[in-house]
Amino acid sequence: MSAIVGIDLGTTNSEVAVIRDGRPQVIAVDGESIMPSCVSVDANGGIIVGRPAKNQMVAAPESTVLSIKRKMGQNTQVTIASRTYTPEEISAMILAKLKTAAEAYLGQAVTEAVITVPAYFDDAQRKATQNAGTLAGLEVRRIINEPTAAALAYDADQTKDQTVLVYDLGGGTFDASLVVAQDGIVEVKASHGDTHLGGDDFDQLLMAHVDQCFFEAHGIRLMEDLKARNRLWIAVEKAKRALSDVPFARIREEYMIGDLHLDMEIARSEYEEMIRPLLRKTIDCVHRCFKDAAILPGAVDKVILVGGASRTPLVTELLSQVLPVAPRHEIDPDLIVAMGASIQAGVIKGLKTSSILVDITPYTFGTSAVGIFNGMLQNDIFVPLIHRGTALPTKKGEVFLTMHDGQPAVDVRIYQGEAPLAEDNIFIGNFLVEGLKDAPAGNEIVLTLALDLNGVLEVTAIEKRTGLSKTVSMQTGDDGASFDLDRARENLGDVLGLNHGESSRLEQAGEEKHQIIVIAKDLRKRADALLEEIDATDADELRALLSESQKVIADGDLSKLARLNESLSDMLFYLED
Ligand code: AMP
């Protein structure tokens with residue numbers, strides 16, 4: 001039986017996924033789960049697609065095609081190395097590369113696909129997408145809307161009636177859609193967007209800013225040189241992504257033009273002010289969507305983030321100001337649409353599929369700082385850095401300022417919880433950073449929190465002007481799935497009438513549970529590293545055990561998990577060198 005895949009044919013990037021062991025699995029292309037929707041030619045004039053084509057962009061910008069999705073359904077052509085192609089043909093090259101990667105991964109022919117398109121695509125654009133699939137040797141079993149696919153990824157069976165806002169901010173396009181699931185029918189009720197608004201525009205703003213700074217320093221416009229311009233684009237895009245996680249990003253490119261180097265720093269606050277007007281436009285689209293669908297924002301059950309640029313923290317901040325629920329971002333926003341498409345593909349094949357399982361932190365982690373609470377200045381405001389629901393591992397940073405002139409040290413205090421005042425949350429640990437420079441109040445301290453799969457929180461504080469830094473590891477007791485024993489105990493008070501002996505037994509049980517899950521995750525890492533190297537039968541057996549282990553973690557059946565750990569460990573003993 002040939003396999004059926006789900007494909008997100010995106011403006012900037014494309015992805016392919018398939019159902020394996022009942023769950024969506026994104027297939028890597030050229031070693032990456034995201035493939036640039038880019039077509040170019042190599043040195044011999046042969047067509048190249050994906051990452052190699054994108055890499056070629058700097059050397060051969062004139063024969064590189066990007067964003068072909070924008071032209072789908074139009075009667076037009078693009079030229080690559082003096083040959084012309086229709087948008088369907090270019091898209092077919094992208095689809096063919098995804099198909100080949102899927103075939104290599106699955107070890108069998110892939111002849112059918114479900115392909116996603118934006119909800120606003122008209123008939124001509126849908127038909128063009130279908131034709132591209134056919135050209136690539138794929139029978140397109142269904143064309144489904146991207147927001148519907150995203151909603152499916154979070155809720156595969158769609159048995160619960162709900163209203164979902166899908167906020168999709170990609171590289172070149174923005175869409176807000178209201179998806180309503182009712183009586184098992186999933187429908188896009190309204191969709192609004194801007195086909196020329198996305199992360200690329202943020203890049204343009206950053207490029208213009210860097211270009212201006214470079215011009216002021218050297219009197220040369222980087223934007224006027226095609227190669228320098230493309231290098232600049234790659235550099236600012238990287239900095240932009242970094243700014244989603246840390247408060248400052250450095251842009252450093254040697255010999256940018258002649259023997260001049262580019263070296264500058266951008267602050268997230270500065271960048272956010274550049275893009276705020278564009279993000280305000282996206283919020284206006286969200287409001288229009290509600291109006292069109294005659295649904296009140298308060299009726300939304302879930303907000304789903306889709307598209308790489310939705311990782312921008314300002315997106316979550318602005319959406320949280322107008323909606324009753326915090327946006328969900330635990331499924332990778334770059335992969336969610338392809339995963340949803342594969343769920344639909346699985347349904348067509350009659351496969352039983354379940355929603356995506358991801359390791360997330362169920363807790364928020366942050367620090368204490370001086371700030372305003374209830375209109376009063378307080379020295380104990382809780383400032384969250386890692387929000388609950390964030391996929392693990394994760395790393396987030398913010399900048400803080402010293403309060404006093406000549407302040408010699410800062411006390412970094414870390415808490416877990418949601419309460420606005422730090423002291424109402426669970427205290428995790430603290431440390432002092434001493435020997436700060438004798439500077440006026442406002443000395444910048446960059447605080448970064450990194451949380452790994454085992455719940456170990458690594459806290460780093462750096463005095464920005466000197467680089468003086470201190471890193472401390474803290475155990476949060478968080479395995480991504482365990483419950484908060486302390487809080488539960490406090491909540492229950494004497495309700496259970498436990499004596500000290502019983503409560504310490506409970507604590508021990510919590511610790512054991514934590515250990516079993518940590519061991520399972522360790523074994524999974526070791527097994528994942530082996531899968532590619534071992535023979536197919538062993539790999540299948542290993543995959544079956546891993547999938548069983550994942551299911552058992554979700555079900556919380558720990559004695560079964562302990563037995564599975566043993567079986568996995570035995571198997572790895574034989575397979576590892
Ligand atoms: P998509 O079209 O969904 O593949 O989204 C691609 C866009 O997302 C590009 O503009 C990327 O630069 C942007 N992007 C990817 N990762 C991040 C990130 N971590 N923070 C901000 N933008 C990002």
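This is a predicted model, so every value here is computed, not measured. Whatever order the structure lists them in is the order used to number ligands and atoms, beginning at 1.
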Item to complete: For residues R311 and H329, determine if any side-chain heavy atom of one lies less than 4.5 Å from a side-chain heavy atom of the other.
Response: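 No, their side chains stay 4.5 Å or more apart.
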Item to complete: Test the R221-F215 pair against the cation-pi criterion, namely NZ or CZ under 6.0 angstrom from the six-membered ring centroid and within 45° of the ring axis.
Response: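 Cation-pi check for R221 and F215: passes.
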Write out the residue and atom name of the closest protein heavy atom to [atom], then the distance separating them to 0.1 Å.
atom: atom 10 (O) of ligand 1; answer: K240 NZ, 3.0 Å
atom: atom 15 (C) of ligand 1; answer: R241 CD, 3.4 Å
atom: atom 19 (N) of ligand 1; answer: R311 CD, 3.4 Å
atom: atom 11 (C) of ligand 1; answer: E237 OE2, 3.1 Å
atom: atom 23 (C) of ligand 1; answer: G308 O, 3.2 Å
atom: atom 6 (C) of ligand 1; answer: G171 N, 3.6 Å

N/O of [X] under 3.5 Å from N/O of ligand 1, yes or no?
X: N13; answer: yes
X: S244; answer: yes
X: A309; answer: yes

Fill in: No-hydrogen, no-angle side-chain donor-acceptor test under 3.5 Å, H192 and D175
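Looking only at side-chain atoms, D175 and H192 do not form any donor-acceptor pair under 3.5 Å.
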